[in-house]
Amino acid sequence: MRKLMLVGPRLMAVAAAGALLAGCGGSSAKDRSGPGPDPSGSARRGSPATGGEKTGASKKPDPKQSTLPGALPSAYDFTPNPDRVPKNAAQARKLTRGAALGEDDWTAGMVRHTPYESGGSWPVLPDSCVWTRSALPAGILDSFTRRLDIPARGGKGRVQGAVTVTVHRTEAGADREIEDTVQESFRCPDQELGGGQRLSGLMSLRFDQKDVRNADASLFEAGKYSGPESGGVQDYVWSKSRIGPVTTAVSVKGAKGYTDTDLLRIAAEGGAKVLYRVELELK
């Protein structure tokens, strides 16, 4: 695990919260979104990568293991069926649409954000720390995002959530995406998303594989979010995971009346469910 060169209560909170997300859900059984770019990638992630893929048939995930606390295996042991791993863009699009969560899939009361879906392009974070978009790199077959909100009600503000599923050509390329994401928070702890949206004070942590129970690799990021109608500076949490050549990212932008614990619960639920759906697509 790459170590964070930071100390203090803030980092301890990031590590503790991330541990919750890393071990939640999946049988085994972070997309940032808004009017502007969906920064779930980096300028470096799109470069072609080489590496072998796992082989062998997979065991069907057990739904009880995916939902009951304490039912996780001691180690992650899911292996994608090589016949189910996408080999071209059409197969990848089928997987990303099948795995991405809709308003009835994540948590009760969610509604579609506007815009709701986007795909076919790739977010890039240049040295300016202002997110832009480009065509999909050669190493990526498809990347697809859905955005879902918990509406404002009962004196609470509107929470914005997003989930992204990306299919790489190789496992090595998918793992490079995870690694580059951690480095982005060091390079750009403050980021502009477009449309007046801003992330600040970002900290990322990649987990040692022995601590991850629902994916081949996972990371957690936390910081602050502000933007139009945000009601001021709010908490922000984001997780990203990898199963084989597929990565998933779940982000939650906080709102008035929501605690860190609330946001972590929402993110953990979404992250576990999308990972489980990826397993179903690859089994």
Side-chain angles (χ1 to χ4, degrees), residues 30-51 85-97 99-100 113-147 160-200 202 204 206 217 219 221 223 225 227 236 238-251 253 274 278:
K30 270 348 253 280
D31 158 290
R32 302 161 184 154
S33 63
D38 305 318
S40 56
S42 75
R44 298 186 301 277
R45 283 182 223 160
S47 58
T50 59
V85 174
K87 306 299 191 298
N88 55 51
Q91 292 173 352
R93 284 192 293 270
K94 182 177 182 296
L95 185 150
T96 58
R97 273 69 175 170
H113 185 88
T114 302
Y116 172 50
E117 297 180 333
S118 63
S121 63
W122 190 243
V124 175
L125 185 65
D127 291 340
S128 65
C129 298
V130 177
W131 285 98
T132 62
R133 298 200 72 85
S134 70
L136 287 175
I140 295 176
L141 293 173
D142 190 54
S143 186
F144 178 67
T145 297
R146 282 190 179 137
R147 302 171 185 82
Q160 299 178 58
V163 58
T164 295
V165 182
T166 299
V167 180
H168 290 255
R169 292 186 182 275
T170 66
E171 288 187 12
D175 203 55
R176 180 64 179 271
E177 179 188 343
I178 298 285
E179 186 67 22
D180 287 346
T181 300
V182 176
Q183 296 305 310
E184 286 170 354
S185 67
F186 289 102
R187 183 165 59 92
C188 291
D190 300 328
Q191 303 172 5
E192 299 288 341
L193 303 185
Q197 298 184 98
R198 179 179 177 81
L199 301 178
S200 59
L202 295 175
S204 291
R206 180 172 181 171
L219 66 84
E221 184 171 280
Y225 163 77
Y236 168 83
W238 186 62
S239 66
K240 176 169 283 189
S241 299
R242 176 182 71 81
I243 295 178
V246 180
T247 62
T248 64
V250 172
S251 72
K253 297 171 182 173
V274 70
V278 168

> Say you draw a straight line from CD of Glu179 to CZ of Arg242; how long is it, rounded to the nearest 0.5 Å?
Replying inline: 11.5 Å
> With sequence neighbours left out, what residues match Ser134 under side chain to side chain contact (heavy atoms under 4.5 Å, CB included)?
Replying inline: Trp122, Val124
> In Å and rounded to the nearest 0.5 Å, what is the CG to NZ distance from Asn88 to Lys94?
Replying inline: 12.0 Å
> For the residue pair Ser121 and Arg133, what are the closest heavy atoms and their distance?
Replying inline: OG-NE, 2.7 Å
> Between Thr164 and Ser143, is any pair of side-chain heavy atoms under 4.5 Å apart?
Replying inline: yes
> Which heavy atom in Ala174 sits nearest to a heavy atom in Gly244, and how many Å separate them?
Replying inline: CB-O, 3.8 Å
> Taking NZ, NE, NH1 and NH2 as the nitrogens, is one of them in Asp175 or Arg206 under 4.0 Å from a carboxylate oxygen of the other?
Replying inline: yes
>> Suppose we screen for side chain to side chain contact (heavy atoms under 4.5 Å, CB included). Which residues come up paired with Ala135, at least two apart in sequence or across chains?
In response: none
> At what distance, to the nearest 0.5 angstrom, does CG of Leu125 lie from CH2 of Trp131?
Replying inline: 4.5 Å
>> Just so I know, are the side chains of Asp142 and Arg97 near enough to count as touching, which here means a heavy-atom distance under 4.5 Å?
In response: yes
> Rounded to the nearest 0.5 Å, how far does CZ of Arg176 lie from OG1 of Thr181?
Replying inline: 11.0 Å
> Ignoring hydrogens and geometry, is there a side-chain-to-backbone donor-acceptor pair from Gln197 to Leu193 under 3.5 Å?
Replying inline: no
> Do you know the tightest heavy-atom contact between Ala92 and Val167?
Replying inline: CB-CB, 3.9 Å
> From Thr247 OG1 over to Lys240 NZ, what is the distance, rounded to the nearest 0.5 angstrom?
Replying inline: 5.5 Å
> At their closest point, which heavy atom of Leu202 faces which heavy atom of Cys188, and how far apart are they?
Replying inline: CD1-O, 4.1 Å
>> I need the minimum non-hydrogen distance between Thr145 and Ala162, along with the two atoms involved.
In response: CG2-CB, 4.5 Å
> Among all residues two or more places apart in sequence or in another chain, which pass the side-chain hydrogen bond (donor to acceptor under 3.5 Å, both in side chains) test with Thr248?
Replying inline: none
>> So Thr170 and Pro245, do their side chains get closer than 4.5 Å, heavy atoms only?
In response: no
> Under the side-chain hydrogen bond (donor to acceptor under 3.5 Å, both in side chains) test, which residues partner Glu117, sequence neighbours left out?
Replying inline: Arg146
>> Using 0.5 Å steps for rounding, measure from the CG atom of Leu219 to the CD atom of Glu177.
In response: 9.0 Å
>> Show the nearest heavy-atom pair for residues Ser185 and Glu221, with the distance to one decimal.
In response: CB-OE1, 3.7 Å
> side-chain hydrogen bond (donor to acceptor under 3.5 Å, both in side chains) with Arg198: which residues, sequence neighbours excluded?
Replying inline: Glu192
